[in-house]
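Following: one structure in structure tokens, then a few remarks.
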Protein chains: 2
Amino acid sequence: METPTSRPVTLDDVARAAGVSRATASRVLGGYGFASVDARERVGAAADRLGYVPNITARALVRGAGVRLVVAVSGTDATVLDDPYVDRLVSAAARVCAPHGVGVALEWLPLDAPAGLRRLGDDRSVCGVLLVNTTAPVLDAVPAGLRGRVVSIGTGSPAVPSFDVDNAGGADAVLRHLHAGGRRRIAMVTGPRWLSCAERSVTAYQELMRAAGLPVRLVTGDFTAARGGRAALEALTRWPDTDAIYAASDATALGVIAALRGRGIRVPHDVAVGGFDDIPYAAVSSPALTTATHPVARIATAAATAVLDGRPVPPVTAFPSTLVARESA
Amino acid sequence: METPTSRPVTLDDVARAAGVSRATASRVLGGYGFASVDARERVGAAADRLGYVPNITARALVRGAGVRLVVAVSGTDATVLDDPYVDRLVSAAARVCAPHGVGVALEWLPLDAPAGLRRLGDDRSVCGVLLVNTTAPVLDAVPAGLRGRVVSIGTGSPAVPSFDVDNAGGADAVLRHLHAGGRRRIAMVTGPRWLSCAERSVTAYQELMRAAGLPVRLVTGDFTAARGGRAALEALTRWPDTDAIYAASDATALGVIAALRGRGIRVPHDVAVGGFDDIPYAAVSSPALTTATHPVARIATAAATAVLDGRPVPPVTAFPSTLVARESA
DNA sequence: CGCACACCTGAGAGCGCTACCACCACAAAC
DNA sequence: GTTTGTGGTGGTAGCGCTCTCAGGTGTGCG
């Protein structure tokens, strides 16, 4: 601020201005070790008089700390990065990381790519990794150097702690609501079948149907609206008496509703529709979508915080999912 | 990979393994300066045999380059960071930055806060700033040290180049479509009035209405669905004969449609609704939303690339917005 | 033969910071 | 008086990398 030259202000400048050594200035600004009240005051004053901002890069280098948190999303191709769910995750992580001087990078991790993970483990500028939508083989391939710096959002494993919504609980809540509403021939549009965390809601569906003596009607989806619409039509073709459709995501459910409307099928009169996620648009769809909550931002925040803190975390952290009953079911 | 100790592989290790100096190894791996074919091969082989990954932090320090790109979103409070639009921006930026070893941080920039900007300018670990939804005063407060490293998404200024969708063009396209459909009493739900890039669509609306001899009916919104719904009701109360509503965002439009449905007003039969953004859910809403495209990811990609490249960019880059006619209008 | 001009290489000086270590002053304990 | 802290301080060795510079070796040309 005061420097006539535009040369950035360094710790040396502050130390000199305060009449102390660089070591003392570092101690004061870093808030560790001893420093007299006098020194603290002089350094503090000099620092904000000069507009000193510590150089995160230099600090990270000497401390051996990373400056990037990588969000690695597994999937068959790079289009998995286009999912609004990923957007939300990245955004929440970037918000948590900002005050720590850490930035977030987003990468696609091919399903069969331990190589990509190894590179992340060997990269000293990476302070942590958030594995998203990953599978057991990928989790098993996590290199030792990454242990403790990586958490999974979704599928977990003994080696990698996981953060996720209670998929089974959320599915259960919506399905019971459907059942309580008198629906007895409930089809489900799933997420990608290779995604084991998504399979938990499929399992919940299957168990509930069997327990209630109801038919199991599964159609594969991929969380997108377009695929959801096609899946709904497919379900109706295979089982014309279907009176409810449970979709594994709200986007899927919205696609389902649109497809049903296109066929002149009334929701919820003819077919009830339930979703999962409670995205902002669920409340304003027509009809308003009955769904279960998925606190994506909170999950990402917790996961990023865990990595940033570096403290050990429990192997599984499940966030509760609660029913939001609206009009569609 | 081969190292028995888990000590990370450094350039020194590679150089030693290849039997050359660190300088030569650096030249080969950095791809600059001269290096014999022999040296190139030996260094390359050693590098991937040892699993060498350059330490971005050290490189950034010596080069004086930053490792973070900050997305700073202006607004009256921190809730502006919850907007899916911001999520999309951050995610796209994070994707572009990843291969460059740069991470993205997300911050809220209070509307009256040049201080926050100055700190970013003095921070040597910040390689660039993406200013989002900002205002002229903020733009004027951009410190000299940040010039050339900052671009704006939305409002621009002589000092800061901007990237944005052609707001006026998109608004125009939707409004003309409304007019062509026979609508003559068209109300508009705006974005936040302090946001000058959003005001461009308001201006387009006003000009078109005046040119066509139609009444100007403005209600203030804030891009959210909830506010859109309230705004629609307000418009209908003030001007009961309104036959079309143009919303400044798709989220707003979805809220408008939900509110109209709640009042038993048919869309588009009684009131036509047009939006702006063409979010994924616009295609599956009921009725499907007529809107104009807003290539958010492309804009963010271009903006981030511009900052990363560091080359001068034209003062204004406008991305075309095209009409997507669906059912709601 | 000498000179210019390629191509190629290694030594080494930092980038800005942290943290280890040695040191000093002074007070309390022996 | 000596020992043992204990608060406070500065010197300085790096963290891993880039890049300048000085110094090679070879080839073409006057």
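Look at B:Arg63 and you'll find a side-chain N or O under 4.0 angstrom from OP1 or OP2 of D:dC19. Contact between the side-chain N/O atoms of B:Tyr32 and the OP1/OP2 oxygens of D:dT18 is not found at any separation under 4.0 Å. For the pair A:Tyr52 and C:dC17, the criterion of a side-chain N or O lying under 4.0 Å from OP1 or OP2 is met. In this structure, A:Ser36 reaches the D:dT9 phosphate: one of its side-chain N or O atoms is under 4.0 Å from OP1 or OP2. Contact annotation: A:Thr24 side-chain N/O to D:dT9 OP1/OP2 distance is not under 4.0 Å.
B:Leu29 places its CG atom 13 Å from the C1' atom of D:dG16, with the value rounded to the nearest Å. Summarising the geometry, the separation between CZ on A:Phe34 and P on D:dG10 is reported as 15 Å, rounded to the nearest angstrom. Computed from coordinates, the B:Asp13 CG to D:dG16 P distance equals 9 Å when rounded to whole Å. Protein atom CG of A:Leu61 is 11 Å distant from nucleotide atom P of C:dT18, rounded to whole Å. As a whole-Å value, the separation of A:Asp12 CG from C:dC17 P is 8 Å. To the nearest angstrom, P of D:dT9 lies 12 Å from CD of A:Glu41. Between A:Leu11 atom CG and D:dT12 atom P there is a gap of 17 Å when expressed in whole angstrom units.
Among the nucleotides C:dG12, D:dC17, D:dG10, the one closest to any side-chain atom of B:Arg59 is D:dC17. Set against C:dT9, C:dG16, D:dC17, the side chain of B:Asn55 has D:dC17 as its closest nucleotide. Distance from the side chain of A:Val20 is smallest for D:dG10 among the nucleotides D:dT18, D:dG10, D:dG16. Of the candidate nucleotides D:dG8, C:dC17, C:dG10, C:dC17 has the atom lying nearest to any side-chain atom of A:Ala58. In the set C:dG12, C:dC17, D:dG16, the nucleotide with an atom closest to the side chain of B:Ala23 is C:dG12. Minimum atom distance to the side chain of B:Ser21 is reached by C:dG10, of the listed D:dT9, C:dG10, C:dT9.
With DNA chain D read from its 5' end, the first of the two nearest nucleotides for A:Arg22 and A:Arg27 is the one closest to A:Arg27.
There is a side-chain donor-acceptor pair under 3.5 Å between B:Thr155 and B:Ser196. Counted by atom type alone, A:Asn55 and A:Thr57 present one or more donor-acceptor pairs between their side chains at under 3.5 Å. Under 3.5 Å, the side chains of B:Asp77 and B:Thr79 contain a donor-acceptor pair of N or O atoms.
Under 4.0 Å is where a charged nitrogen must lie from a carboxylate oxygen, and between B:Arg118 and B:Asp123 no such pair does. Salt-bridge formation is not detected for the pair B:Asp122/B:Arg119: no Lys NZ or Arg NE/NH1/NH2 atom is positioned less than 4.0 Å from an Asp or Glu carboxylate oxygen.
Not less than 6.0 angstrom separates the ring centroid of B:His294 from the ring centroid of B:Phe319.
Side-chain atoms of A:Arg40 and base atoms of D:dG8 include no donor and acceptor less than 3.5 Å apart.
Note on A:Ala60: nothing from the nucleic acid sits closer than 4.0 angstrom, heavy atoms only.
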